[in-house]
Amino acid sequence: MIFISYLYIGIDDTDSPEGMCTTYLAAHIIRKLKEQDIHIADYPRLIRLNPFARFKTRGNGGVSFKIINDDKAEIAKKIVLDEVSKLSMFDCDNTNPGVIFYEGEITKEMRDYAFRAIYSFITIEEAEEFGKSVGCEIYKFKKGRGIIGSIAAISLPLDDYTYELLAYRIPENYGTKRQIDYNSVIKMDKETFPDTFENVDYSERYIAIEPKTPCPVLYGIRSNDVSGLNRAREIVKVSEPVEDYCIFLTNQHTDMHIQKADNISQMRQFGCYEITVTVKDTPHVIDGGHMFFKVFDETGEIECGAYEPTKNFRNIVSHLRPGDVIKVYGGIGEQHTFNIEKFQVIELNDVEYKNPLCECGKRMTSAGKNKGFKCKKCGKRIKSSQKVSTKISRALNNSQFYETPVSARRHLSKPLCRM
Ligand code: ATP
């Protein structure tokens, strides 16, 4: 058996809200490597990490790729370090690039580290110590925070995965309005969904493939397979030059950030969970349009939130009522609220308790505490204070999943079309 040794390369934290994108930098480096006849093995990877990480620019993504570890490896390393030095947004305080080179097998402890970077917080010092202990070659620029994500980006196993095709603009056009033919995006969505997904948010009339920031990305199309992406690329029309395309293998839309919790007491702030709970009170809206309701189980209770950006999802949530059993997916944020990404109805409470109907047809009223009911119309009284149960019709359906709209969805959230 031929044993191929790889050099893994991880890059993170090169961009700022004003520009650049670590995927673009990776695509640019991959092009430079090709010019030296150095080719990457497989697709480059875009790995989304803890959605609550404090210093993220947008979606907390790190990038990695691998090349055959031969006599050109040193040339490759130099190209990577030169381009990260040249193109990173060093002026921004929060841009602290980190580059990792690693030779050898990805070990179990590295895989465990990667999951820690998705589920919890890691300090730069912890990442550095860990990287050294497994033999990573570590390059920190400024504070070098990017090494946290770079080590995770090369280490994370991908049992479930999707792909994203990114089209990049020429630098002259950065910051200008993107020239994308929206009708062609809708056509692409109609012809390639559900192989591709998250293209358009029809409820919010929002073209989701187009970033809203001044970064080098012209558009990004997400898909379960590369053939879907290639079909989609043919259909989408743009009227500005495309500098390059790059397809990334990614953990986006896999729910990899979600841990199964057996009960509420296991859940921690800044963790993301799937948990079955019972609705405690009727959802209510506060100023700003955010909707809240409490859920409970035998170990405690927690407030759930469907925030204003989730738009129409709040209408769905408003149909929940006390006693409904639901499986909720989401994360506990800054305000200690469980932010819902989606939920499945396990059992609807479709029973309502009402005062009994009188023989004359009028609904009776209470005659006082433990004094039964009386009819205001005909004066009849009954001794029992027991209310009667009636079945009510519900707008939600048992077993059905309900999700936030595309415009409010996290990169890691698995859409229902992938469930
Ligand atoms: P973009 O998606 O546009 O590339 P970003 O949202 O990925 O930007 P970065 O600029 O990469 O943001 O910044 C995120 C920073 O958080 C990186 O330095 C990364 O190493 C670090 N980081 C990633 N995961 C964790 C974690 N679990 N704990 C602490 N820091 C983390």
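Order of listing sets the numbers, starting from 1, for every ligand and every atom in it. Being a predicted model, the structure only gives us computed values, none of them experimental.
- What sits closest to atom 3 (O) of ligand 1 on the protein, heavy atoms only, is D15 OD2, 2.6 Å.
- The atoms of ligand 1 that sit less than 4.0 Å from any heavy atom of G149 are 19 (C), 20 (O).
- When heavy-atom distances to ligand 1 are checked against a 4.0 Å cut-off, L49 comes that close only through its side chain, counted from C-beta outward.
- Residue D12 touches ligand 1 through its side chain alone, judged by heavy-atom distances below 4.0 Å.
- T57 N, 2.8 Å is the protein heavy atom nearest to atom 12 (O) of ligand 1.
- In this structure, atom 13 (O) of ligand 1 lies nearest to the protein heavy atom F55 O, 3.5 Å.
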Got a list of side-chain donor-acceptor pairs under 3.5 Å for residues 228-242, not counting sequence neighbours?
unit_1, atom_1, unit_2, atom_2, d
N230, OD1, R233, NH2, 2.8
R231, NH1, E191, O, 3.4
R231, NH2, D195, OD2, 2.7
K237, NZ, E234, O, 2.9
E240, OE1, R169, NH2, 2.8
E240, OE1, Q179, N, 3.0
E240, OE2, R169, NE, 2.8
E240, OE2, R169, NH2, 3.4

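- Atom 25 (C) of ligand 1 has I148 CG2, 3.7 Å as its closest protein atom, hydrogens excluded (heavy atom only).
- Contact annotation: for A152 versus ligand 1, there are no heavy atoms closer than 4.0 Å.
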Checklist entry - Can you list the steps and then say if K212 with Y206 is a side-chain contact (heavy atoms from CB on, under 4.5 Å)? => result CA-CA 11 Å; K212 296 285 168 279; Y206 172 88; 3.8 Å; yes

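- Within a 6.0 Å radius of NZ in K143, other residues, nucleotides and ligands contribute 12 heavy atoms or fewer.
- For ligand 1, one of its N or O atoms has an N or O atom of R145 under 3.5 Å away.
- Listed by atom number, the atoms of ligand 1 under 4.0 Å from N50 heavy atoms are 27 (N).
- Ligand 1 has G146 within reach: a non-hydrogen atom of the residue lies less than 4.0 Å from it.
- Between the side chain of D350 and the backbone N or O of S393 there is no donor-acceptor pair closer than 3.5 Å.
- Under the 3.5 Å distance criterion, the side-chain polar atoms of N398 are matched with a main-chain donor or acceptor of L348.
- With rounding to the nearest 0.5 Å, the separation of CZ in F141 from OG1 in T14 is 10.5 Å.
- Contact annotation: for E126 versus ligand 1, there are no heavy atoms closer than 4.0 Å.
- The pair K86-D82 does not count as a salt bridge, with every side-chain nitrogen at least 4.0 angstrom from each carboxylate oxygen.
- Given atom 7 (O) of ligand 1, the protein heavy atom at minimum distance is G61 N, 2.5 Å.
- D91 pairs by the side-chain contact (heavy atoms from CB on, under 4.5 Å) definition with nothing, not counting sequence neighbours.
- Among protein heavy atoms, atom 18 (O) of ligand 1 sits closest to D13 OD2, 2.6 Å.
- By the 30° and 60° cut-offs, the orientation of the rings of F343 relative to F313 is tilted.
- At the top of the distance list for atom 28 (N) of ligand 1, counting protein heavy atoms only, stands I122 N, 3.0 Å.
- Under a 4.0 Å criterion applied to the non-hydrogen atoms of R48, ligand 1 contributes the atoms 2 (O).
- Set against the non-hydrogen atoms of N60, the atoms of ligand 1 under 4.0 Å away are 2 (O), 5 (P), 6 (O), 7 (O), 14 (C), 16 (O), 22 (N), 23 (C), 24 (N).
- The residues E105 and R111 are annotated as not salt-bridged, no charged nitrogen and carboxylate oxygen being separated by less than 4.0 angstrom.
- Contact check for N339 versus Y307: side-chain heavy atoms found under the 4.5 Å cut-off.
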